[in-house]
Number of protein chains: 2
Amino acid sequence: MGKRVTIKDIAEECHVSITTVSRILNNKKGYCTAETEQKVLDAVKKANYHPNPAARSLVTKKTNLIGVILPDIYNYFFQELFQGAEDFLREKGYSLVLCNTDGDAKREREFLNSLSQGVVDGIIVSTSNREDDNSTILELAQNKFPIITVERYGEELKDIPRILVANREAESMAVHSLYERGHRRIAFICGPVKADNAKRRLEGYRLGLEEVGIPYDEALVCRGDYKLDSGYRATKELLESQEFTALIAANDLMAVGAVRAIQDAGKSVPDDISVIGYDGTLLAELSKPVLGTVILHGYDMGKLSAENLFKIIKGKKIADKKVVFKPELKLGESIRTIQKEK
Amino acid sequence: MGKRVTIKDIAEECHVSITTVSRILNNKKGYCTAETEQKVLDAVKKANYHPNPAARSLVTKKTNLIGVILPDIYNYFFQELFQGAEDFLREKGYSLVLCNTDGDAKREREFLNSLSQGVVDGIIVSTSNREDDNSTILELAQNKFPIITVERYGEELKDIPRILVANREAESMAVHSLYERGHRRIAFICGPVKADNAKRRLEGYRLGLEEVGIPYDEALVCRGDYKLDSGYRATKELLESQEFTALIAANDLMAVGAVRAIQDAGKSVPDDISVIGYDGTLLAELSKPVLGTVILHGYDMGKLSAENLFKIIKGKKIADKKVVFKPELKLGESIRTIQKEK
DNA sequence: CTGAAAGCGCTTACAG
DNA sequence: CTGAAAGCGCTTACAG
C-alpha cells in the first residue's frame, strides 16, 4: 500500500486537533460546531481516510470481529447458521472470522484460545458431531469472555448462553406423524455414537414410540454415521431382515441413502416405505420424491446467537440463557398414509 | 475478560527487559542465552500469555488476517474455494474473514474498502455471477494492496493476479464427449446473461459443436439463471418443441432440473436423453442417475490462490499472474452411448 | 467548543 | 547477549 493517511494528516489539513477529528469520527455529539464537523468530514472523504483498526483496537479493546467456529462448512445447517449470524452482525459493523475445525477437538481448542486473545470480541461456537470438549469454552466464559454455544451439550454448560434444538421433540413428532398415518413398524437409523444430538434424536424416537404405545424393537434400529453410505447400508440390512412400512433417518444424507437402498431393492418410496429425514437441507428438497424432513431453522438460530452475543458484548442481559428452537416437521412426497387413524 | 497479561508482566516476572521477551517471542535467534529463553518461555506458558494482536499489528502493519469475499456461501464451489484457502493459510498463521456479498456489487465494494483499510493483510475475491465491478479491485491492486481474483473476468484485470477456470475448453470437451458417443442433437441450457462465466460456457458449447462439425442451432439453446427451476422450465420448453438426444446444462443445479423435466415428461435419463451438468457438486454425485458433470477443482483453486496471495504478501514473485485450471469431465450414469464413432 | 498529553501493548533501530 | 527509548495511530480523561 502507498503511504497511509492518518488522523494527523486530516487534523493538519483542517487546522484542528486530532482530538477533534477523533470525536467527529466517533460521533461524539455536541463537541464542536457544525462547520468544523463538515470541514473534517469533507477532508476525510476526500482523502478516503479510514481509522487504523489496530490503533483504535489498542485503545478501545474492541476489534469489531466475531469468531464463528464450526465443524463443517459443507454442512447446510452450519451455512445457515453462519449466514444468520453474518446478516445480523454485519449491520452492527462486525466482520466474521470463520474457523473450520473439521470436528477436531484439538483444532477447536486452538481456535478458541487464539481468537479469544484479542483477535475477536466474541465467539459463536457450535457442536462438532464428534468429541466435544467444553473445558476451554467454560474457561473463557468464566473469564467473562463473550461466548455463546449452539447445539452443544453437557451439564457443565448450564450457565453459558446457548442455543439448542429440541431434538427429542422433533423425532417424537416424526413418530407421531407416521403413527397417525397408520404406520406401526417404524425403523430408525441413528447417527454416530459420539454425537450428542444423535443420542437425543434416538431418544426422541423412543419417546415417540412410547407415547403412541408402540413397543421399542431394537431390531428396527441401525447405527449410521450421518453419511449417505451408512444410510444406504443400514437400510439394506434392515430390508433383509425386518418388516417395516416407515423409516426415520437422523439426518437427510442418510435418508437419501435409505431411499436409494429401498429403490435398489425394487421397492417404492413412499408406496412401500415412507421415509423421513432430519435437517431440512436443500438435499431433502431436491430429492425425488421430495423428502419429508425436520426443518431446524439454522438461519434463525444463527441470527439469535448473534443477537445474544451482541448483547453480552454490550454488557446487556440476555432474556434467556438457554433458548431451545422447536424444529418443524415438513411433509414431503416421501410419506404415505396407510390408513387414517380413527 | 479479566486483567490481561502483557509483555511487561512477563518481563518483570523474569527480570529481563520487554525487548528480550519480544525477541524471544518473535524467534529472533542469537540474541540471548538458552537459559534466559527457557525462563521466558516458561513464564509465557505459565501465564498463558498471548501478545496483543492489535499492539503488534500497529507496529508491524500486519494483522495475520485474510479476507475472502464470496457471493454465495451455499454454493459448493465457493465452499471448496474457501476450504482450500483456509487449509493453506491456517498453516501460515492466518485466520480468514469471510464476507458474503450475495452477489451485490455495492456490498462487495464496501467489503473491499473496509477490509483493505488495515483489517486484513490481503484479499481473495471471487466472481459474483451477477454484475461485477472491477474498479475497486483495480484501485487496490494499483495501491499495491495484496489481492487476487478467482474466476473473475474483464480485460482490465489483465495485470492482476488471478485464477480462472477454462470454461470454454470444459464445455467444448463435454460436446466432444457426447459427439463421440453418437449424439448429434445436443441442447444447451446456459446461465444468466450477466454472468461472465455463463457466457464463456456457452461459447465453449458453440466451439465444441464447430470442432466436431455440428452446425449451431439456436433453437436448441435456452436461457437459465443457474437455479434448479430455470433448468426445469428450459428443458420442458425444449422437450415440447425440439428433438435432441443430449443436453448440457451450464451448472449442476439446472442439470438436476433438466433431469426432473425429462423424467416428468415420461422419458428416461440416459436412455432417451443424456445429461451433463457443470461444477462437480455433491448434488451431481448424489443424483440418481449420478450426473455426468464438469469438476472444477475449487479446493485446489482456493489453495493456489492462497499460496499466491501469501507470496505477494511476502513480496515474492508469483510464477504466473494468470493461472487457468483445466476442469475435468466426470462421466456419471447420465450419459448413454448411442453409437460408437468409428 | 477545543486541544495537549498520556497511554493502549507491542517491535525495532540504536547503543552498549 | 541485553536494554532504554522511540514510535506505531488511535481514544480519552483532563484542563481550559
Side-chain angles (χ1 to χ4, degrees), chain A residues 1-41 43-44 47-65 93 114 116-121, chain B residues 1-41 43-44 47-65 93 114 116-121:
Chain A
M1 292 292 281
K3 206 163 137 241
R4 273 198 67 111
V5 180
T6 72
I7 196 172
K8 211 175 142 204
D9 300 322
I10 302 293
E12 279 171 8
E13 169 85 21
C14 300
H15 304 289
V16 296
S17 71
I18 60 169
T19 309
T20 299
V21 177
S22 173
R23 279 201 275 252
I24 292 170
L25 254 28
N26 288 290
N27 272 314
K28 309 259 182 194
K29 299 285 177 192
Y31 277 110
C32 68
T33 60
E35 287 166 82
T36 316
E37 185 170 332
Q38 198 51 54
K39 192 169 61 179
V40 169
L41 255 23
V44 164
N48 188 29
Y49 167 69
H50 291 252
N52 180 320
R56 179 174 265 181
S57 180
L58 189 55
V59 181
T60 62
K61 311 287 179 208
K62 294 292 170 195
T63 64
N64 288 317
L65 253 30
S114 65
S116 61
Q117 302 289 339
V119 179
V120 300
D121 295 340
Chain B
M1 291 291 283
K3 206 163 138 243
R4 273 196 67 111
V5 180
T6 71
I7 197 171
K8 210 174 145 204
D9 300 322
I10 302 293
E12 280 171 8
E13 168 85 21
C14 300
H15 305 289
V16 296
S17 70
I18 59 169
T19 309
T20 299
V21 176
S22 172
R23 279 201 275 253
I24 292 170
L25 255 28
N26 290 289
N27 271 313
K28 309 259 182 193
K29 299 286 177 192
Y31 277 109
C32 68
T33 59
E35 287 166 82
T36 316
E37 185 170 330
Q38 198 51 54
K39 191 170 60 181
V40 169
L41 255 22
V44 163
N48 188 28
Y49 167 69
H50 291 252
N52 180 319
R56 178 174 265 181
S57 179
L58 190 55
V59 181
T60 62
K61 311 286 178 208
K62 293 292 170 195
T63 64
N64 287 318
L65 252 29
S114 65
S116 61
Q117 304 289 339
V119 179
V120 300
D121 295 341

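Throughout, protein chains are lettered first and strands after them, A, B, ... in sequence-line order, and every chain is numbered starting at 1.
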Peer 1: Are any of Y49(A)'s side-chain N or O atoms less than 4.0 Å away from OP1 or OP2 of dG9(D)?
Peer 2: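 Result: no.
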Peer 1: On the nucleotide dG9(D), are OP1 or OP2 found under 4.0 Å from the side-chain N or O atoms that K61(B) carries?
Peer 2: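 Result: yes.
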Peer 1: Quick test: give all pairs of protein nitrogen or oxygen and nucleotides 11-13 of chain D nitrogen or oxygen below 3.5 Å, distance rounded to 0.1 Å.
Peer 2:
from    : atom 1 : to     : atom 2 : distance (Å)
dT11(D) : OP1    : N26(A) : OD1    : 3.3
dT11(D) : OP1    : N26(A) : ND2    : 2.8
dT11(D) : OP1    : R56(A) : NE     : 2.9
dT11(D) : OP1    : R56(A) : NH2    : 3.1
dT11(D) : OP2    : S22(A) : OG     : 2.4
dT11(D) : OP2    : N26(A) : ND2    : 3.4
dT12(D) : OP2    : K28(A) : NZ     : 3.2
dT12(D) : O4     : T19(A) : OG1    : 3.4

Peer 1: In whole Å, I'd like the distance from the NZ atom of K62(B) to the C1' atom of dC10(C).
Peer 2: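 Going from NZ in K62(B) over to C1' in dC10(C) covers 17 Å.
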Peer 1: Just how far, in rounded Å, is C1' of dC10(D) from CD1 of I24(A)?
Peer 2: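 In whole Å, dC10(D) C1' and I24(A) CD1 are 15 Å from each other.
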Peer 1: Contact class for T36(B) vs. all strands (heavy atom < 4.0 Å): base, sugar-phosphate, or nothing?
Peer 2: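 If one applies the 4.0 Å heavy-atom cut-off, T36(B) turns out to touch the sugar-phosphate alone, with no base involved.
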Peer 1: Of all residues at least two apart in sequence or in a different chain, which pass the side-chain hydrogen bond (donor to acceptor under 3.5 Å, both in side chains) check with D121(B)?
Peer 2: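 If we apply the side-chain hydrogen bond (donor to acceptor under 3.5 Å, both in side chains) test to D121(B), skipping adjacent residues, the hits are T63(B).
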Peer 1: Would you sketch DNA chain D in dot-bracket for me? Only Watson-Crick or G-U wobble pairs with both distances under 3.5 Å count, crossing pairs as [ ], other-strand pairs as |, the rest as dots.
Peer 2: |||.||||||||.|||
Peer 1: Does the side chain of P51(B) reach to within under 4.5 Å of the side chain of L25(B), using non-hydrogen atoms?
Peer 2: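 Yes, their side chains come closer than 4.5 Å.
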Peer 1: Might you confirm whether atom NZ of K62(A) has over 12 heavy atoms from other residues, nucleotides or ligands at distances under 6.0 Å?
Peer 2: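 For K62(A), atom NZ is crowded (more than 12 foreign heavy atoms under 6.0 Å).
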Peer 1: As an exercise, state the distance from CD1 of I10(B) to NZ of K39(B), rounded to the nearest 0.5 Å.
Peer 2: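 Going from the CD1 atom of I10(B) to the NZ atom of K39(B) covers 12.5 Å.
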Peer 1: Residues in side-chain hydrogen bond (donor to acceptor under 3.5 Å, both in side chains) with T19(A), at least two apart?
Peer 2: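 Once residues adjacent in sequence are excluded, T19(A) has no partner under the side-chain hydrogen bond (donor to acceptor under 3.5 Å, both in side chains) criterion.
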Peer 1: Considering residues at least two apart in sequence or located in another chain, which fulfil the side-chain hydrogen bond (donor to acceptor under 3.5 Å, both in side chains) criterion with S114(B)?
Peer 2: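 S114(B) satisfies side-chain hydrogen bond (donor to acceptor under 3.5 Å, both in side chains) with no residue once adjacent residues are dropped.
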Peer 1: Of all the choices, dC10(D), dG3(D), dC10(C), which nucleotide is nearest to the side chain of N52(B) once you look at every atom?
Peer 2: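 The listed nucleotide nearest to N52(B)'s side chain is dC10(C).
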Peer 1: Go through the structure and list residues passing side-chain hydrogen bond (donor to acceptor under 3.5 Å, both in side chains) with T60(B), not counting sequence neighbours.
Peer 2: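 T60(B): no side-chain hydrogen bond (donor to acceptor under 3.5 Å, both in side chains) contacts found.
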Peer 1: Measure the CD1-CD distance between I7(A) and E12(A) for me, rounded to the nearest 0.5 Å.
Peer 2: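 Answer rounded to 0.5 Å: 11.5 Å.
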Peer 1: Give a yes/no answer on whether the side chain of T20(B) brings an N or O atom under 4.0 Å of OP1 or OP2 in dG3(D).
Peer 2: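 Yes, because at least one side-chain N or O of T20(B) sits under 4.0 Å from OP1 or OP2 of dG3(D).
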